[in-house]
2 protein chains.
Amino acid sequence: MARDSFPDLFGKVALSPRELRKLQRLATPVRFRSGQQIVAEGEIASEVYGVSQGVVRVYKKLADGRHHVLRFALPGDFLEWPRGERHGVSADAIGAVSASRFARCELLEFIQASRAMKRLTIDGAAEELKRSQDQMLLLGRGVPEEQLTAFLASWRKRLPRRSDRFVSLPMSRRDIAAHLGMAPETLTRTFAKLEQRRIIRAEADGVELLDTGRNLSSAEK
Amino acid sequence: MARDSFPDLFGKVALSPRELRKLQRLATPVRFRSGQQIVAEGEIASEVYGVSQGVVRVYKKLADGRHHVLRFALPGDFLEWPRGERHGVSADAIGAVSASRFARCELLEFIQASRAMKRLTIDGAAEELKRSQDQMLLLGRGVPEEQLTAFLASWRKRLPRRSDRFVSLPMSRRDIAAHLGMAPETLTRTFAKLEQRRIIRAEADGVELLDTGRNLSSAEK
DNA sequence: CGACTTGTTGAGTGAACTCAAGGAGGGTGG
DNA sequence: CCACCCTCCTTGAGTTCACTCAACAAGTCG
């Protein structure tokens with residue numbers, strides 16, 4: 001296809017066809033290869049990106065190179081809210097990614113002009129804030145097992161599911177570990193524990209969730 | 001004074017006097033004693049609160065009683081964004097607190113009606129989102145010393161300062177520990193370490209920051 | 001085919017946690 | 001005004017569990 005669309009812009013609620021077309025005109029389709037950096041923290045944010053296809057890891061860095069993955073962006077997500085002169089986060093592609101690039105000021109104008117778009121922006125921010133709060137609760141208080149089960153549960157909810165039980169995990173263990181604030185080795189051992197307990201079953205590029213009801217309900221509401 | 005005001009609603013940017021008066025009319029002043037609960041997670045959120053005086057701890061609970069303090073709300077802050085039927089967080093007073101109570105739907109209408117208020121709401125959400133991201137980075141990757149210095153630095157920036165160096169800490173050690181995701185004993189020992197290194201000096205209800213420039217700059221931007 | 005990345009496993013260490021006790025206010029009631 | 005209680009903070013001792021370091025297996029890509 002010659003031109004990437006920017007599907008499911010904000011989940012269920014849609015813009016009017018007319019507004020959608022206008023938004024499409026503002027978007028420049030861009031492709032990124034696996035591992036390629038899309039935005040870098042601290043750089044001038046003259047452009048902002050929305051994900052069309054693929055998965056993007058969004059992260060922040062500490063001075064000494066340690067980094068923490070804030071979230072994994074899916075199709076329909078913006079990498080960050082178009083506020084501030086500079087990017088507040090870094091982001092790079094996990095696997096091949098198609099994205100829509102917007103000129104920041106144009107997108108801002110469009111948001112200003114469209115009542116629906118403004119509402120969607122606010123709702124999106126609130127949604128992300130809620131997720132951040134759950135994440136903080138987990139990072140602060142959760143033991144590794146809880147963190148991983150909660151992550152799998154929330155990731156499952158966000159994914160377009162192939163099946164009820166199978167959860168695709170396109171990102172590396174390292175990325176998941178960096179998201180949950182633990183060492184990769186600890187993550188591996190935690191996966192092993194959950195598998196021993198018959199809570200999950202590891203498969204290629206994902207896990208099958210067994211006993212989904214009780215064990216993966218934490219942090220779900 | 002008979003009626004509490006809701007000062008500095010969103011920091012520097014102010015509403016027009018007319019809008020401010022209208023907002024004031026929607027607000028019911030309420031007082032809370034030290035330790036008193038203001039809102040509880042999961043309860044119907046027919047009313048929302050803004051802090052007028054005092055400090056409020058905003059937290060989330062896990063099923064087994066563990067809790068994590070998401071943030072400390074200061075005068076001018078709303079406890080949460082007026083979205084959703086139910087409260088997403090719990091909050092209680094640290095010391096005596098004066099608050100403004102709003103009917104949720106009335107406040108929402110007002111936000112909808114006022115262009116300035118809408119903008120302030122978005123800005124406020126973005127600000128909180130940014131703080132959440134910094135907090136996640138710290139919770140995930142920071143060692144206790146970094147976490148504490150970063151907390152003191154960010155708290156200093158938010159406080160109306162008595163002096164350049166003194167930072168008032170009205171909340172308990174336990175609250176700070178629950179905010180940073182560590183045991184109270186670890187926090188005490190971390191305070192001791194920082195004092196030994198001449199980075200801070202403990203005082204009554206606060207600390208004096210020595211050598212503020214270098215040591216407290218992390219997570220400041 | 002070889003170099004590199006990624007995931008897993010093992011061993012050992014260390015740091016933060018738990019449990020426990022003691023001291024220092026602060027508030028209340030006699 | 002004092003005695004008492006209670007909460008909060010601190011300190012100590014011991015343990016646990018996640019981290020680090022290291023080696024190895026398994027893909028993956030040139």
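Numbers restart at 1 for each chain; the letters A, B, ... are given by sequence-line order, proteins then strands.
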Exercise. Within residues 169-183 of chain B, find the residues that approach DNA chain D with a heavy atom at under 4.0 Å, and present them sorted by residue number.
Key: B/Ser172, B/Arg173, B/Arg174
Quiz item: What is the distance from CG of A/Leu148 to C1' of D/dC17, rounded to the nearest Å?
Solution: 17 Å
Quiz item: Can you check the A/Gln147 CD to D/dC17 P distance for me, whole Å?
Solution: 15 Å
Quiz item: Quick check: does any side chain N or O of B/Glu203 sit under 3.5 Å from a backbone N or O of B/Phe166, one acting as donor and the other as acceptor?
Solution: no
Quiz prompt | Test side chain to side chain contact (heavy atoms under 4.5 Å, CB included) applied to B/Glu85 - qualifying residues, sequence neighbours left out | solution = B/Arg104
Quiz item: By side chain to side chain contact (heavy atoms under 4.5 Å, CB included), which residues pair with B/Arg131, not counting sequence neighbours?
Solution: B/Glu127, B/Arg158
Exercise. Would you mind reading off the distance between A/Glu195 atom CD and C/dT8 atom C1', rounded to a whole angstrom?
Key: 12 Å
Self-check item: 4.5 Å side-chain heavy-atom contact, B/Asp134 and B/Ser154
Solution: no
Practice problem: Might you confirm whether atom CZ of A/Arg66 has over 12 heavy atoms from other residues, nucleotides or ligands at distances under 6.0 Å? | Solution: yes
Polar atom pairs (N or O), protein with nucleotides 23-29 of chain C, under 3.5 Å:
none

Exercise. Start with the C-alpha gap between A/Val51 and A/Phe32, add the side-chain angles, then the distance that decides, and say whether side-chain contact (heavy atoms from CB on, under 4.5 Å) holds.
Key: CA-CA 11 Å; A/Val51 180; A/Phe32 296 93; over 6 Å; no
Quiz prompt | Those residues that, when tested against A/Glu145, pass side chain to side chain donor-acceptor pair (under 3.5 Å) (two or more places apart) | solution = A/Arg197
Exercise. In sequence, state the C-alpha distance, the side-chain angles, and the governing distance for B/Ile176 and B/Met171, and then conclude on side-chain contact (heavy atoms from CB on, under 4.5 Å).
Key: CA-CA 7 Å; B/Ile176 299 176; B/Met171 71 293 282; 3.5 Å; yes
Exercise. Could you name each residue pair satisfying ring pair (Phe, Tyr, Trp, His ring centres under 6.0 Å) that touches residues 173-209 of chain A, not counting sequence neighbours?
Key: A/Phe72-A/His179, A/Phe151-A/His179
Quiz item: Rounded to the Å, how far apart are B/Glu203 CD and D/dC9 C1'?
Solution: 17 Å
Quiz prompt | A/Phe78 CZ to A/Glu128 CD distance, which is reported to the nearest 0.5 Å | solution = 12.0 Å
Quiz item: Expressed in angstrom and rounded to an integer, what is the separation of A/Gln196 atom CD from C/dT8 atom P?
Solution: 13 Å
Quiz item: Quick one: A/Phe191 CZ to C/dT8 C1', roughly how many Å, whole number?
Solution: 13 Å
Quiz item: Does B/Lys60 reach the side chain of B/His68, with side-chain heavy atoms less than 4.5 Å apart?
Solution: no
Practice problem: Give the angle between the helix axes at the two ends of the helix from C/dC1-D/dG30 to C/dG30-D/dC1, taking five base pairs at each end and rounding to 10°. | Solution: 40°
Exercise. Whole angstrom is fine here: how far is it from NZ in B/Lys193 over to P in C/dG14?
Key: 14 Å
Quiz prompt | Backbone of A/Ala202 reached by a side-chain donor or acceptor of A/Glu195 within 3.5 Å | solution = yes
Exercise. Drop me the distance from B/Leu159's CG to B/Lys157's NZ, to the nearest 0.5 angstrom.
Key: 12.5 Å
Quiz item: With no hydrogens and no angle check, is any side-chain donor or acceptor of B/Trp81 less than 3.5 Å from a backbone partner on B/Ile122?
Solution: no
Quiz item: Between D/dC17 atom P and A/Glu146 atom CD, what is the distance in whole Å?
Solution: 13 Å
Would you list the protein and nucleotides 26-30 of chain D atom pairs, both N or O, that sit under 3.5 Å from each other?
none

Self-check item: CD/B/Glu43: more than 12 non-hydrogen atoms of other groups inside 6.0 Å
Solution: no
Exercise. Output every pair passing salt bridge (Lys or Arg N to Asp or Glu O under 4.0 Å) with a member in residues 179-190 of chain B, not counting sequence neighbours, ordered by first then second residue.
Key: none
Distances under 3.5 Å only, N/O to N/O: pair up the protein atoms with those of nucleotides 9-13 of chain C.
from   : atom 1 : to       : atom 2 : distance (Å)
C/dG10 : N7     : A/Arg189 : NH2    : 2.6
C/dG10 : O6     : A/Arg189 : NH2    : 3.2

Quiz prompt | Those residues that, when tested against B/Ser34, pass side chain to side chain donor-acceptor pair (under 3.5 Å) (two or more places apart) | solution = none
Close N or O pairs between protein and nucleotides 4-6 of chain D (under 3.5 Å):
none

Practice problem: State whether the side chain of B/Gln133 and the backbone N or O of B/Lys130 hold a donor-acceptor pair below 3.5 Å, judged by distance alone. | Solution: no
